[in-house]
Amino acid sequence: MRKFPDTTLSGLRDSYALCLRQFEEIGGDAFEYHPRVSEGDFRRFLAPLDLGAPFPVSVRYAAGPTSEENVTDAMREAYRQLRERLMADPGRHVMKP
């Protein structure tokens with residue numbers, strides 16, 4: 001079953017790269033998703049938002065070996081540029097593996 005049945009793989013790829021560029025333009029903080037990511041990591045990332053009462057959080061890394069073959073050069077470059085800018089600014093939140 002496809003998670004986005006009405007969207008092509010090409011459309012998802014383009015959307016990913018566009019979202020990363022827009023994210024940088026608006027100055028968003030980043031949560032880096034990686035194999036050792038935990039619920040605690042995500043809760044710490046969200047803490048500055050002061051969302052009030054605790055809420056359920058489920059974080060599960062689901063990427064696998066076949067995921068890499070679906071990544072285009074444009075996606076890699078958009079991610080690299082965003083990560084590079086975030087790592088250069090200690091005030092931005094980046095969860096590193």
Side-chain angles (χ1 to χ4, degrees):
M1 175 190 267
R2 291 182 55 182
K3 290 183 180 182
F4 305 99
D6 298 327
T7 306
T8 65
L9 180 57
S10 176
L12 289 171
R13 288 171 170 157
D14 293 344
S15 178
Y16 175 87
L18 176 64
C19 285
L20 288 184
R21 288 190 299 271
Q22 290 175 334
F23 183 81
E24 178 60 22
E25 288 174 14
I26 64 170
D29 290 338
F31 180 81
E32 190 157 350
Y33 183 64
H34 57 85
R36 294 177 303 282
V37 71
S38 71
E39 178 182 316
D41 293 332
F42 195 55
R43 286 189 182 281
R44 282 188 295 281
F45 175 75
L46 295 176
L49 297 177
D50 194 20
L51 299 172
F55 54 92
V57 171
S58 176
V59 177
R60 183 178 62 91
Y61 185 77
T66 59
S67 300
E68 189 62 26
E69 69 191 34
N70 293 318
V71 178
T72 65
D73 288 341
M75 292 167 68
R76 278 188 192 86
E77 182 60 17
Y79 173 79
R80 186 198 63 74
Q81 287 178 3
L82 176 62
R83 190 170 197 284
E84 186 176 279
R85 287 186 196 108
L86 291 172
M87 294 300 288
D89 183 350
R92 305 285 288 278
H93 298 277
V94 178
M95 304 303 296
K96 295 180 277 188

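Bear in mind that the values here come from a model prediction, so they are computed numbers and not experimental data.
Atom CG of residue L46 and atom CG of residue D41 lie 11.0 Å apart, to the nearest 0.5 angstrom. How far CD of Q22 is from OG of S15: 8.0 Å, rounded to the nearest 0.5 Å. Within the model, atoms CG of D14 and OG1 of T7 stand 11.5 Å from one another, a figure rounded to the nearest 0.5 Å.
Applying the side chain to side chain donor-acceptor pair (under 3.5 Å) rule to E84 yields the partners R80; only residues at least two apart in sequence or on another chain are considered. Looking at residues two or more places apart in sequence or on another chain, you find a side chain to side chain donor-acceptor pair (under 3.5 Å) between E39 and R43. Not a single side chain to side chain donor-acceptor pair (under 3.5 Å) links R21 to another residue, sequence neighbours left out.
What you find for L82 and F23 is that their closest heavy atoms are CD2-CD2, 3.7 Å. Of all heavy-atom pairs spanning A74 and A17, the tightest one is O-CB, 4.2 Å.
Tracing side-chain contacts under 4.5 Å through hydrophobic residues (I, L, V, M, F, W, Y), one reaches V71 starting from L20; they form part of the same cluster.
The backbone N or O of N70 lies less than 3.5 Å from a partner atom in the side chain of R13, making a donor-acceptor pair.
For the pairing with Y79, the side-chain contact (heavy atoms from CB on, under 4.5 Å) check across E77, Q81, R76, R83 returns one residue only, R83.
L12 is not listed as a side-chain neighbour of Y16, based on a closest heavy-atom distance of 4.5 Å or more.
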